[in-house]
Protein chains: 2
Amino acid sequence: MFSKSCEYGIKATLYIASNSNNGNRVSLNDISENIDSPKAFTAKILQKLSKNKIIQSIKGPSGGFEITTENMNNLRLSHIVKAFDGDDIYKSCGIGLEECNDSKPCPVHSRFKNIREELKRMLETTSILDLANGLTEGLTFLKH
Amino acid sequence: MFSKSCEYGIKATLYIASNSNNGNRVSLNDISENIDSPKAFTAKILQKLSKNKIIQSIKGPSGGFEITTENMNNLRLSHIVKAFDGDDIYKSCGIGLEECNDSKPCPVHSRFKNIREELKRMLETTSILDLANGLTEGLTFLKH
DNA sequence: TCTATTTCGGACAAGAATATCCTAAATTAT
DNA sequence: ATAATTTAGGATATTCTTGTCCGAAATAGA
């Protein structure tokens with residue numbers, strides 16, 4: 001469904017968010033250990049999240065990554081997905097046609113429409129804060 | 001959503017189906033022209049469809065590809081998707097966790113559940129015959 | 001100021017997906 | 001039988017994603 005990068009991006013953001021909740025800044029090491037991801041590759045993921053203003057990065061000793069309270073309240077799952085995979089998943093044609101819409105549909109267009117819209121809606125309404133709270137409360141998990 | 005191979009696989013199957021409807025066997029050339037796909041790569045796709053008993057292939061002059069009436073009645077979109085991409089799209093965790101279920105959920109588990117199930121249901125109930133009929137009747141399209 | 005820590009960013013490596021090429025095998029028609 | 005047509009399948013090439021490595025830049029603390 002999502003690329004590996006996007007999966008790591010979501011996990012990393014949620015881990016950072018759940019710690020920023022408690023006022024804790026976390027490092028690359030913390031993150032890659034706690035979301036069970038390759039460290040060097042995760043560094044790239046974090047750079048991307050940082051450039052997309054999804055997370056904030058601080059260099060130097062006691063540096064690391066965090067999410068501002070303001071960001072936390074506005075961030076949605078769709079923002080992360082968009083940064084890594086674009087919005088093809090819920091916008092583009094199920095069998096890859098450039099032009100595919102209600103007036104000139106591909107064979108699967110009508111059957112995919114609802115699902116795509118539901119996915120879009122879910123991603124756009126799911127807040128990072130809510131997901132992070134689930135983690136903080138121990139109701140959900142980022143690794144086995 | 002699906003791999004390029006899977007997209008070609010669906011398009012090829014539908015093109016063949018819509019022609020088998022009319023009793024016409026179609027060649028690799030026909031197919032790659034009409035679904036707008038690279039010929040050599042499409043040959044591989046057709047081999048895979050053939051090995052998975054989704055389509056039948058006949059060698060030699062006046063050979064080509066077709067779908068038996070029996071197959072046409074039983075084939076569902078899910079069969080093609082499974083042959084190329086497996087069933088990860090509607091079975092595996094949204095952020096790639098090995099173990100992710102109702103009793104030990106990842107943060108997005110509950111929000112993805114319905115969508116995944118709807119997708120599964122759609123793929124398993126959508127018949128190739130119905131999709132092919134839409135094409136034959138000129139209601140839907142495989143290329144722009 | 002010096003050192004240790006941490007992120008940044010460019011170059012490079014490995015693997016998977018996509019795509020091509022060429023010869024073999026089968027089959028039809030002459 | 002021979003020639004022509006069409007799929008089968010192995011080898012190879014290209015591109016994209018995933019992943020690693022290493023030195024540079026920033027910064028906190030001694």
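Only heavy atoms go into these numbers, but all of them, side chains included; no hydrogens, no water, no symmetry mates. In the text below, chain A, chain B and the rest are named by the order of the sequence lines, each starting its count at 1.
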- Query: What distance separates A:Leu49 CG from A:Phe84 CZ, expressed to the nearest 0.5 Å?
  - Reply: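 Reported value, rounded in 0.5 Å steps: 4.0 Å.
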
- Using atom types as modelled and distance alone, determine if a side-chain donor or acceptor of A:Thr125 lies under 3.5 Å from a backbone N or O of A:Arg121.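 Answer holds: yes.
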
- Item | Side-chain donor/acceptor of B:Asn101 to backbone N/O of B:Ser103, under 3.5 Å |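 It does hold such a pair.
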
Atom [atom1] of [X] to atom [atom2] of [N]: distance rounded to whole Å?
X       : N      : atom1 : atom2 : answer
A:Asp30 : C:dT5  : CG    : P     : 15 Å
A:Ile55 : C:dT6  : CD1   : P     : 16 Å
A:Lys44 : C:dC8  : NZ    : C1'   : 8 Å
B:Lys4  : D:dT14 : NZ    : C1'   : 16 Å
B:Asp88 : C:dA17 : CG    : P     : 11 Å
A:Ile16 : C:dT6  : CD1   : C1'   : 14 Å
A:Glu7  : D:dG19 : CD    : C1'   : 15 Å
A:Asn29 : C:dA4  : CG    : C1'   : 14 Å

Side chain of [X] only, heavy atoms from C-beta on: which candidate in [options] is closest?
X       : options               : value
B:Ser3  : C:dT6, D:dA11, C:dT18 : C:dT18
B:Phe41 : D:dA8, C:dA19, D:dT18 : C:dA19
B:Ala40 : D:dT6, C:dT20, D:dA8  : C:dT20

Please list, pair by pair, any protein nitrogen or oxygen found under 3.5 Å from a nitrogen or oxygen in nucleotides 25-30 of chain D.
none

- Strictly under 6.0 Å, is that where the ring centroids of B:Phe41 and B:Tyr8 end up?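 They qualify: ring centres under 6.0 Å apart.
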
Salt bridge or not for [X] and [Y], using N-O below 4.0 Å?
X       : Y        : answer
A:Glu7  : A:Lys4   : yes
A:Asp87 : A:Lys120 : no
A:Arg76 : A:Glu124 : no

- Message: Just to be sure I understand the rule, does B:Leu28 reach a base, reach only the sugar-phosphate, or reach nothing, if contact means heavy atoms closer than 4.0 Å?
- Response: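 Sugar-phosphate contact only.
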
- Just call it for A:Lys48: base, sugar-phosphate, or nothing, with non-hydrogen atoms closer than 4.0 Å on any strand.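 A:Lys48: no heavy atom of the nucleic acid under 4.0 Å.
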
Please determine whether a side-chain nitrogen or oxygen atom of [X] lies at a distance below 4.0 Å from atom OP1 or OP2 of [N].
X       : N      : value
B:Ser5  : C:dT18 : yes
A:Tyr8  : D:dG19 : yes
B:Gln47 : D:dA8  : no
B:Ser57 : D:dA8  : yes

